[in-house]
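Comments concern the structure below.
So you know, we letter chains A, B, ... as the sequences are listed, proteins then strands, and number each from 1. Below, each value reflects all heavy atoms present in this structure, side chains not excepted, and no hydrogens, waters or symmetry copies.
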Amino acid sequence: MEPTRSSDAGSGNSGTYTPEIAESIRFEEEIQSLMRENTMHPGLEPPPVGGGGSSFTALLGLPANQAVELLHEPESEESPAVAIASASGGEMWRFRLRDPKALTLPSGCSPTFPSNAALVERAARLSVFATEDSPEAASVPSHSGDRSTKPKAEPADSDSQPICPIPGERPQRPAKRKEADKGNKVKGPAKKTKSAEEGSAKGAEENTSGSGEKLPYVHVRARRGQATDSHSLAERARREKINARMKLLQELVPGCSKISGTALVLDEIINHVQSLQRQVEVLSMRLAAVNPRIDFSGLDSFLSAECGRVTVGDGRCGGGMEQSAWMEATAVNEGRRQQQQIWHVDSVHPHPTPSVWERVDSPHLFINPGTSLFGYDPSNSVASLHSNQLKTEL
Amino acid sequence: MHASNSFTEIFLKHMLLGLQNGVASKNMSFLQRKRAIKLTADVAMAFAKDGAKWSHALIMNLSKKTENRTLLRSILGREYERLTKPCLSWKMPRAKKILQRSFKMHSRIKKGARQLRGVNAASVRAGAAVTRTKVLKRLVPGGEHLDDSSLLEETLDYVISLRAQVDLMHLLVKALDVPNPNLCNKGESGEFLF
């Protein structure tokens, strides 16, 4: 895998790096030991490591972006792979942080490194710094725009500390990062980053969603184990938008939060919408039956006036309005048979409010902005008032 | 998330306006009355929530039938003209249409390549979601032309408004219904109607 992957966009410039050797040397030794274990890539055995190692050492001390520059320049197999691994491993480890158990190497590397738990730990620890330092990675954008199949080891996170050497464990890792630059703006804290690894199908999906503010351009980094072409990235962004909205809908529709799976949730949503529409039909029927007896003009003006007052009013206000509404209604009262029919219909129709009637609370606002259940509290008030009214009438 | 106060106020106001004009003191049959009430309720709801796509679509759908137009006009007043003319080739700019079409072609091509694998769980799930999305598009007014994510957004809005509409109409019924003394004695005051 490494040969194919190491062919990167060759837009590097040769080292402008400031090696920080002390840390890097330590890692270099580890790297070399690991490399010796490596059976997959004979090219990375000690002799080339010596050559590659020196550059690697230099790279290790680099801030990540400069490491990238270096990477592209030497077109040899090992060092780009190594360097890519180094530069991006810090990035990779950031995701690994949450799921240390899911540490899986890409398919090519699997025999090599997984056993090295100590390095894994260290990488995990160091990756903490990586996450903290991510805002500093602002100065990257030299590779912006080139998003095609060539993986750009784009160091969006700032491993400015000598942490790059983390990937020492994984010089073979095809840890390629690609930043889906939809624009050239790089702002640290508001970046949404996913890291891409091409070709490998490991399904560990870590998502460092650090999106704080809204940017005109969203920087997304593809997740580990996913393809990195622009189509899939766009698809993934779209899917995430859809999932977010689906979650909102799940909260809204009662009983949907337990259900998992898009189709079932959609089922519930459809049922809910249909039931609401049916309720509107039934209620309009009831209103139609009620209608002829009501003198709407007076009621209309009164209710509108009350609606204006209700927002600043308190419970008594709404209660008062209800009482007046009753007065008006009773004023034009006529036969009652029809209502009995309506109520019979209602008893058949499953209605959520019956249970509410049990509670006789203090009158609430007719339109109460604070209540979560819009109709229920006022319904309570109506019920209580109604019973009061009736008792007085009788 | 629930309907805002101003939404309900506007809703109620327009509903009463419509009821007054369209229904009161007219000799209509029961079904006609019901239809008129439903119409005013829907229009009031759509008008109160003018920021959403479905509201515009709903009003347009309703205004297509000529018998509704007078009522609509009376409720909407000045806004009638603005709301009933379709905006900008039905709300989807040409570029987006082209994008959608190409995206569908692309996914169709991919599916064609994928058919060799036969039926697997993922494709079944995807298919189920697609059919349900189609159903949802039919339910939500104006949903046919929307893509998935905006469809979900409109559904969200629509559900909130529908709920508010149901609650409001329920309140109206309660407020306007004349109490039946046969039904309401001390024992039954708790269970009002049911």
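For chain B, the option among A:E281, A:Q274, A:K241 with the highest count of heavy-atom pairs below 4.5 Å is A:E281.
A salt bridge links B:D148 to A:R238: one of the charged nitrogens lies within less than 4.0 Å of a carboxylate oxygen. Between B:D42 and B:K38 a salt bridge is recorded (basic side-chain N to carboxylate O distance below 4.0 Å).
Here CG of A:L283 is found 9.0 Å from CD of B:Q165. Values are rounded to the nearest 0.5 Å.
Residue contact with chain B, scored on non-hydrogen atoms closer than 4.5 Å, is absent for A:R239. For B:E153, the parts lying near chain A are the backbone and the side chain together; criterion is any non-hydrogen pair under 4.5 Å. At a 4.5 Å heavy-atom cutoff, A:N243 makes no contact with chain B through either its backbone or its side chain.
The environment of B:K137 atom NZ is dense: over 12 non-hydrogen atoms of other residues, nucleotides or ligands sit within 6.0 angstrom.
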